[in-house]
Structure formats: structure tokens, C-alpha cells
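Heads up, the thing below is written out as C-alpha cells.
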Amino acid sequence: EEPSLLKKLLLAPPNS
Amino acid sequence: ELSQDQQTLLTYVLDAYNKHRIPSDISKKLLQEQYSREENFLLLTEMATSHVQVLVEFTKNIPAGFQTLDHEDQIALLKGSAVEAMFLRSAQSFTKKLPHGHTEMLEERIRKSGISEEFIVPMFNFYKSIRELQMMQEEHALLTAITILSPDRPYIRDQQAVEQLQEAMLEVLRKVCKLKHPQEPQHFARLLGRLTELRTLHHHHAEMLESWRMSDHKFNPLLCEIWDVQ
């Protein structure tokens, strides 16, 4: 399954 | 009155809402880019993409525990609310009269981007109804957080945890309405009525995407994921 872009954005440190 | 905790919650949510917004270089494009239907469509999808990124950053900063939810539920909440949060945020642009005629340009581009009239009418009726409520920044921030923390989105596993987070926000909004609009006891109910309106727009949006897909418009991977478009 495609890696979720949303998950990447969510897991990125805040305000990145 | 707001309790100390509620005041802290309100401050955090308001700060997060003010900090994360569409970068001005994108909204500046409203004035510069060409006026073709294709150019308008590309500009609107670029703004929608930015809305999603802004939404994720805002959501990560909601203090009342969004981060305590498991990741699958966080993603389900974002996917379920992204369109509605985008319409709410866009409505504010039409309320605040952006500088240098951005508002008029944005309206023109939306009307000339391939969206059919049957969706344009309810969209601008919604923007008008938000403008008439003359909402304060605190109300916009709280209503956006309440939209995101809707426990009835598809695939939410821990509905109860989401419901508790939403209840806390609703209680703060109810008090803010009483404090800021003492002459309008119905104001809080009117704001909640907008949430119902947003569900209808969400439904229209899914049909809009379908009509765009038919005319072979492509969306970038982030929009495909958040809007469930193959």
C-alpha cells in the first residue's frame, strides 16, 4: 500500500 | 465564565489557528496568474493542497489531546474533515475582505474554474451565511477544531475519545458565544447550524470532484489521498 502522505505530515515535528 | 483550563485551551487553539494559514505567496498568485479555466483550476488545487497542510499543522497543535488519539484515528479525522475545514477557512477569506482585491479575484477564479453552477450557488450561499454571522477569530478557530473532532466520521475506532475532545471544545465555544454575543442567545445554535451546512457542501464537493475527473483534471497525490480520489 502507498505510504500515506498524510501520515508523514502528521508524524513530522510540529511547525516543520 | 471560562475556567482557567478552558481559557488555556482557547488560547492554544486560537494561537494554532492564527499561526497556520495559507502562505501569502500562494494567495498573491490570485492576482498574477493567467485567467484561463485551466490556470484557475491549477491555482485552486494549489490552494486546496496548502489548506490540507495548514489543517494538519493546526490539528497537531490542538492541545486537548488530538495527539493522544491513535494515528489511524487521527488520519480518519483529517480525511473526514479536510473538505469542511477548507470551506470554513475559505469562508473567512470572503468575510474578511482580503487586501488588494484578492477576494474578488478568488471569487472570479472559482466561478471560472470548471465548477458547475449547481455547486457554485450553495458554496457562495455558505460564504454569505458565514459573513452574516460576523464570527470572531476565536469562534472560527473553535468551530474548525469542532469540525475536525467529529466522532461520526468513517473508520473512527475510538469514537468516545473523540467525542470527549469535541465536547470540551463545544463547551468553550458555547461560553465564548455567551460572553461575546450577549445580545444574541441564538448565536451558538447558529454556529452549530453551519456545521450541518458544511456536511451538505462536503457531499457537493464529492460530486464536484467526479465532474472534474470526467473532464480529465488530475489531482496531486496528497489531494488524491485526502479526497479519496483514485
Side-chain angles (χ1 to χ4, degrees), chain A, chain B residues 12-13 15-23 45 48-83 85-86 145 148-149 153-156 162 219-230:
Chain A
E1 177 164 316
E2 296 273 303
S4 160
L5 291 169
L6 211 41
K7 193 160 200 169
K8 259 192 217 154
L9 284 174
L10 260 178
L11 298 180
N15 315 329
S16 56
Chain B
Y12 264 101
V13 172
D15 285 351
Y17 189 78
N18 288 333
K19 193 187 323 182
H20 302 293
R21 52 186 47 206
I22 301 271
T45 42
T49 307
S50 178
H51 269 295
V52 173
Q53 291 158 338
V54 164
L55 174 72
V56 174
E57 286 311 309
F58 169 67
T59 313
K60 279 154 73 171
N61 283 275
I62 294 179
F66 178 82
Q67 301 274 40
T68 59
L69 299 172
D70 80 37
H71 288 141
E72 295 320 307
D73 277 357
Q74 289 183 22
I75 287 180
L77 286 176
L78 283 167
K79 286 179 79 164
S81 64
V83 168
M86 178 176 72
I148 296 162
L149 295 168
R153 301 294 185 197
Y155 315 117
I156 298 290
V162 178
F219 298 110
N220 62 49
L222 180 60
L223 290 184
C224 286
E225 181 183 347
I226 198 103
W227 290 345
D228 265 342
V229 172
Q230 271 64 34

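Below, chain A is the first sequence line, B the second, and so on; all start at residue 1.
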Separation of K79(B) NZ from S4(A) OG (nearest 0.5 Å): 7.0 Å
Heavy-atom pair with the smallest gap, counting every atom of V56(B) and L6(A): CG2-CD1, 3.9 Å
Donor-acceptor contact below 3.5 Å, side chain K60(B) vs main chain A12(A): yes
Closest heavy-atom pair and its distance - E57(B), L9(A): OE2-O, 4.3 Å
Residues K7(A) and E225(B) bridged, charged N to O under 4.0 Å: no
CD1 on I226(B) to CG on L5(A), rounded to 0.5 Å: 10.0 Å
